**Q** 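What follows is a structure written as structure tokens; I'll ask about it next.
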Amino acid sequence: MVFKRREKLTPLKWLAQVIWPKGGWSRAVRYMKHRLHRLPDTPHKIARGVFAGVFAVFTPFFGLHFLLAFLLAKLMRGNAIAALLATFVGNPLTYVPIGVICMKMGHFMLGTTFDPHHERSFVGKFFDAADDLWRNFLALFTERDANWDALIRFWHDIFLPYLVGGIVPGIIAGTVAYYVMLPMVAAYQHRRRGRLKAKLEELRRKKQSQKTPHKP
């Protein structure tokens with residue numbers, strides 16, 4: 001199994017590894033690249049899966065990037081495991097610049113502006129939207145009135161610009177990842193086939209030499 005671990009992580013250890021993986025992010029990137037190279041599929045399908053995973057990271061569906069990458073990979077006839085692995089492009093080191101790029105692009109395309117210092121901050125509006133959802137859920141079972149003001153602000157100021165603005169950079173980043181990964185996987189699989197062929201030839205020679213009777 002690709003994601004199976006020998007030992008289970010406690011919640012604190014899991015959170016620590018999300019922020020900073022064991023061995024650092026450079027080691028994590030090398031590990032993911034190694035996994036991608038060894039996937040049992042064609043280079044084109046693996047590269048299409050990588051495109052799907054990278055594109056999913058540029059969407060505002062936090063917590064659902066795995067699911068979105070999987071569905072996109074299936075639609076594109078790409079490798080689903082490659083798509084899931086590629087979502088690790090989104091991590092605590094990259095989410096901030098990705099978010100800034102998507103937000104700026106989205107507001108530019110929609111003709112709107114977003115001032116992070118006006119009324120509530122970017123993170124503050126996330127919390128306000130979550131608070132609205134919780135309070136409105138409780139309103140279903142109490143006499144409390146539902147209020148959607150924070151969710152409406154979140155939709156117009158954050159979610160919609162992020163969703164629209166992530167399309168162009170997501171396609172660009174996914175395309176770059178596709179064309180970088182395609183020759184790398186093809187070259188790795190070609191070398192691997194060459195090594196396997198050499199091993200099979202060596203085994204045939206050994207068997208042949210064992211069958212050949214020795215002259216007295």
Side-chain angles (χ1 to χ4, degrees), residues 18-19 25 28-29 32-33 36 44-80 82-137 146-184:
V18 167
I19 298 173
W25 279 107
V29 169
M32 292 303 167
K33 188 170 72 172
L36 286 169
H44 284 283
K45 285 188 175 181
I46 293 172
R48 284 199 293 268
V50 170
F51 176 97
V54 172
F55 179 83
V57 171
F58 283 79
T59 68
F61 299 104
F62 295 102
L64 298 174
H65 285 164
F66 263 31
L67 178 60
L68 180 59
F70 178 84
L71 294 175
L72 286 173
K74 289 296 184 182
L75 287 173
M76 298 172 63
R77 296 184 180 179
N79 186 284
L84 299 181
L85 289 170
T87 59
F88 284 93
V89 167
N91 58 68
L93 299 179
T94 61
Y95 272 134
V96 172
I98 287 174
V100 170
I101 291 170
C102 293
M103 289 288 294
K104 286 184 177 293
M105 178 67 74
H107 280 291
F108 172 77
M109 294 173 68
L110 294 170
T112 57
T113 57
F114 174 71
D115 183 2
H117 303 291
H118 180 65
E119 294 180 357
R120 288 285 280 169
S121 67
F122 178 89
V123 176
K125 290 188 178 183
F126 266 99
F127 282 109
D128 289 345
D131 185 60
D132 254 12
L133 283 174
W134 175 246
R135 290 178 182 275
N136 292 340
F137 172 76
N147 189 320
W148 302 96
D149 289 345
L151 276 169
I152 292 171
R153 287 196 301 271
F154 175 78
W155 169 265
H156 288 291
D157 292 346
I158 306 294
F159 189 85
L160 183 60
Y162 202 128
L163 181 64
V164 173
I167 294 173
V168 173
I171 290 174
I172 293 173
T175 302
V176 170
Y178 175 90
Y179 282 108
V180 168
M181 188 56 60
L182 182 61
M184 290 175 61

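Small disclaimer: the values here were computed from a predicted structure and weren't measured.
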**Q** If you measure from CG on L84 to CG on L67, what distance do you get to the nearest 0.5 Å?
**A**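 Going from CG on L84 over to CG on L67, the span is 9.5 Å.
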**Q** Minimum heavy-atom separation for A52 and A73, please, with both atom names.
**A**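 Heavy-atom minimum between the residues: CB-N, 3.7 Å.
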**Q** Just by modelled atom types, is the G165 backbone N or O under 3.5 Å from a matching donor or acceptor in the H107 side chain?
**A**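 Flag not set: sc H107 to bb G165 has no pair under 3.5 Å.
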**Q** Taking atom CG of L64 and atom OG1 of T87, what is their separation to the nearest 0.5 Å?
**A**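 With rounding to 0.5 Å, CG (L64) is 12.0 Å from OG1 (T87).
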**Q** For the atom pair CG (L182) and CE (M184), what is the distance rounded to the nearest 0.5 Å?
**A**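 Separation between the atoms: 11.0 Å.
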**Q** Rounded to the nearest 0.5 Å, how far apart are OH of Y95 and NE2 of H65?
**A**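 Y95 OH to H65 NE2: 5.0 Å, rounded to 0.5 Å.
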**Q** Ring centroid separation for F61 and F159, is it under 6.0 angstrom?
**A**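 Yes - the distance between ring centres of F61 and F159 falls below the 6.0 Å cut-off.
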**Q** Verify the neighbour count for atom CZ of F108: are there more than 12 heavy atoms of other residues, nucleotides or ligands below 6.0 Å?
**A**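 No - once you tally the heavy atoms of other residues, nucleotides and ligands closer than 6.0 Å, there are 12 at most.
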**Q** Let's go through F88 and V57 carefully: what are the C-alpha distance in whole Å and the side-chain angles of both, what is the deciding distance for side chain to side chain contact (heavy atoms under 4.5 Å, CB included) to 0.1 Å, and is it a yes or a no?
**A** CA-CA 8 Å; F88 284 93; V57 171; over 6 Å; no
**Q** How long is the gap from CG on L110 to CG on L160, to the nearest 0.5 Å?
**A**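 Taking CG in L110 and CG in L160, the distance rounds to 5.0 Å.
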**Q** Would you say that N79 contacts R48 through its side chain, given a criterion of any heavy-atom pair below 4.5 Å between the two side chains?
**A**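 They are not in side-chain contact.
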**Q** Closest heavy-atom contact between I46 and A82?
**A**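 So the minimum-distance heavy-atom pair works out to O-CB, 3.6 Å.
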**Q** Looking at every non-hydrogen atom in both residues, tell me the closest pair between F55 and G166 and how far apart they are.
**A**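 Scanning both residues, the minimum pair turns out to be CE1-O, 4.4 Å.
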**Q** Please check if the number of heavy atoms outside F70 that lie under 6.0 Å from its CZ is greater than 12.
**A**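 No, the 6.0 Å shell around CZ holds no more than 12 heavy atoms from other groups.
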**Q** Of all heavy-atom pairs between P161 and D157, which one has the smallest distance, and what is that distance?
**A**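 Here P161 and D157 meet closest at CG-O, 3.7 Å.
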**Q** Shortest non-hydrogen contact from A86 to G53?
**A**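 Closest heavy-atom pair between A86 and G53: CB-CA, 3.9 Å.
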**Q** Parallel, tilted or perpendicular for F62 and Y162, by the 30°/60° rule?
**A**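 Answer is perpendicular, since the angle exceeds 60°.
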**Q** Between atom CZ of F58 and atom CD1 of I171, what is the distance when rounded to the nearest 0.5 Å?
**A**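 Reported to 0.5 Å precision, the distance equals 11.0 Å.
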